[in-house]
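Written out below as structure tokens is the structure these notes cover.
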Amino acid sequence: MARLGDRIAEGLVFLAGGAAVLFVALILIFLLREGLPLVRYYSPIPFLTGAEWYPLSGVFGILPLVLGSLLVTAGAVAIALPLGLAVAIYLAEVAPAWIKDVLKPTIELLAGIPSVLLGFVGYAVVATVVKNVFGLPTGLTALTGSIMLAYMALPTIISIADDAIRAVPDDFRHASYALGATRWQTIRAVTVPAAASGILAAIMLGIGRAIGETMTVWMVTGNAAVIPTTILQPVRTMTATIAAEMGETARGSDHYAALFAVGIVLFVMTALINTGADLVLHRMKKKYE
Amino acid sequence: MSGATEGVLVERLSAWYGRVQALKEVDMDVPPNRVTAVIGPSGCGKSTLIRCFNRMHETISAARVCGKVILNGVDIYSPEVDPVQIRRSVGMVFQRPNPFPTMSIFDNVAAGIKLTRFHRGSELAESVERSLRRAALWDEVKDKLKDSGVALSGGQQQRLCIARALAVDPGVLLMDEPCSALDPIASYKIEELITELRGDYTIVIVTHNMQQASRVADHTAFMLAGEDGIGKLVEFGETKQVFTNPRDKRTEDYITGRFG
Ligand SMILES: Nc1ncnc2c1ncn2[C@@H]1O[C@H](COP(=O)(O)OP(=O)(O)O)[C@@H](O)[C@H]1O
Ligand SMILES: [Mg+2]
């Protein structure tokens with residue numbers, strides 16, 4: 001009887017896992033089917049390396065879009081990583097219990113704010129601040145996008161990194177204190193390294209959220225498809241391009257196929273980041289277990 | 001080699017966890033460069049007592065101490081004393097082996113030195129080797145110093161923890177049931193090691209194993225929680241005397257197995 005139950009449960013888990021893989025495969029197949037026909041209009045090399053994106057004239061160089069996405073994401077990581085780690089360390093190792101009890105749910109609540117609302121705030125407030133602080137003609141810049149994305153990635157990073165640090169057994173903290181380490185030395189040399197794989201997972205999930213995020217970025221980055229030279233100028237990301245232009249294209253047109261091809265590139269980049277993260281995590285696990 | 005010229009003098013030491021008192025007015029004179037065992041039934045305050053000797057007790061929130069612990073003529077609880085400094089001159093080994101999981105064997109031993117003082121690479125390597133030799137682990141690990149400490153067996157991990165504690169040259173070494181997670185052979189090696197170290201360090205070892213106490217310790221302290229549940233020192237003396245001719249009836253009952 002129990003065995004039959006086990007069999008059924010096993011079967012269901014297998015089915016669910018299989019379904020997930022199948023969905024991903026179907027999405028990829030769909031992207032490929034809609035995107036690959038672009039080669040009929042435009043060859044892959046200029047597509048990947050071209051510096052100009054003029055879809056109405058049939059020029060589809062996605063380099064500005066790729067660089068725009070990378071710049072906004074890198075900026076977001078540069079802001080969210082130190083901030084998220086600092087808050088997670090504070091929550092897990094320093095804050096008194098009542099502050100933790102207030103702060104953690106509040107932070108997790110932030111993750112639920114719809115991105116279009118964040119876009120409004122970014123457009124109205126953050127862009128103005130960026131404009132005034134740096135004396136720019138416009139506040140709709142890559143940096144504005146980075147700030148908003150960092151804000152959106154922070155709850156994920158903080159929450160998961162906090163859990164990871166808290167999961168480090170007290171035995172190691174005690175061993176460190178007993179050697180004469182201060183609280184800060186213990187955090188730096190023992191606790192955070194012991195939580196490194198969890199912290200890395202937190203960062204990767206944060207990045208994953210940032211690179212795929214569309215709405216907010218579309219609203220605050222100015223959407224100029226030029227290769228950025230500084231973080232203080234407008235950029236256009238891959239996601240914003242797809243969202244903004246998809247409504248205007250005819251199915252089967254070169255523009256339509258080009259947007260799907262952008263989607264393929266985005267898919268591949270996300271997959272590469274995830275695989276990279278998995279590899280690093282795996283190597284860390286191997287080393288320490 | 002190390003500088004333990006004095007033992008640990010304990011005067012009217014009481015300890016609390018929040019409102020709950022765990023230790024009441026313990027007086028004890030731990031002799032220098034000898035092994036002292038602390039025995040007694042579980043929950044009688046043995047761990048609490050030795051955690052007061054290196055100010056680890058106060059790392060628990062709301063934990064509090066009253067009384068004196070005098071080390072090299074200084075009360076470690078007087079206000080001008082920095083607990084971090086105390087923990088550098090009093091080493092501690094825990095019940096469960098706890099080498100740092102992200103550090104290599106070498107880095108585990110070097111951890112305390114890196115924290116505490118300026119060092120050169122070559123000196124560091126010498127200190128690490130010396131400490132591993134003292135902990136009778138060198139021959140087993142000398143070819144894999146870069147491996148993770150967690151890959152070692154339980155007994156090796158515990159000796160690694162002893163090496164880690166010895167690396168900063170403490171005068172006093174506290175051990176809280178260091179063998180309770182180990183098999184008999186690994187325990188035996190630790191006992192042998194304690195006997196080796198005797199004479200160079202003031203060692204205080206908590207153990208629930210009376211045979212172990214009688215084998216390794218020059219002096220033995222017997223503790224017991226009273227009717228009120230608060231741990232007290234019942235008897236302290238030379239191990240031989242405590243085991244063969246106890247002064248207190250409760251000690252006799254305990255060592256003859258009549259309770260506990
Ligand atoms: N972290 C703690 N918080 C509250 N009470 C504790 C804590 N650690 C120990 N105690 C209590 O203090 C008493 C003595 O404990 P302990 O020193 O660990 O005894 P032993 O080491 O002799 O078994 C026990 O009653 C125990 O419940
Ligand atoms: Mg104990």
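Letters A, B, ... mirror the listed sequences (proteins, then strands); counts begin at 1.
- A donor-acceptor distance shorter than 3.5 angstrom exists from the side chain of B/R88 to the backbone of A/G180, with no hydrogens or angles considered.
- Taken from CG in A/L179 to CZ in B/F100, the straight-line distance is 5.0 Å, to the nearest 0.5 Å.
- Proximity to chain A (any heavy atom under 4.5 Å) is restricted, for B/P99, to the backbone atoms N, CA, C and O.
- Within 6.0 Å of the CD atom in B/E196, the count of heavy atoms belonging to other residues, nucleotides or ligands does not exceed 12.
- Remark: B/E177 engages no residue in a salt bridge (charged side-chain N to carboxylate O under 4.0 Å, His left out) (not counting sequence neighbours).
- Both the backbone and the side chain of B/R164 come within less than 4.5 Å of a heavy atom in chain A.
- Atom NZ of B/K68 has 12 or fewer neighbouring heavy atoms from other residues, nucleotides or ligands inside a 6.0 Å radius.
- Rounding to the nearest 0.5 angstrom, the gap separating the CG atom in B/D176 from the NE2 atom in A/H174 is 11.5 Å.
- Residues B/N54 and A/A178 approach most closely at ND2-CB, 4.4 Å, considering heavy atoms.
- Neither the backbone nor the side chain of B/V93 comes within contact range of chain A, judged by heavy atoms closer than 4.5 Å.
- Of all residues spanning residues 164-172 of chain A, those with a heavy atom less than 4.5 Å away from chain B's heavy atoms are A/D171, A/F172, arranged by number.
- Across B/F94 and A/A175, no two heavy atoms sit closer than the pair CE1-CA, 3.8 Å.
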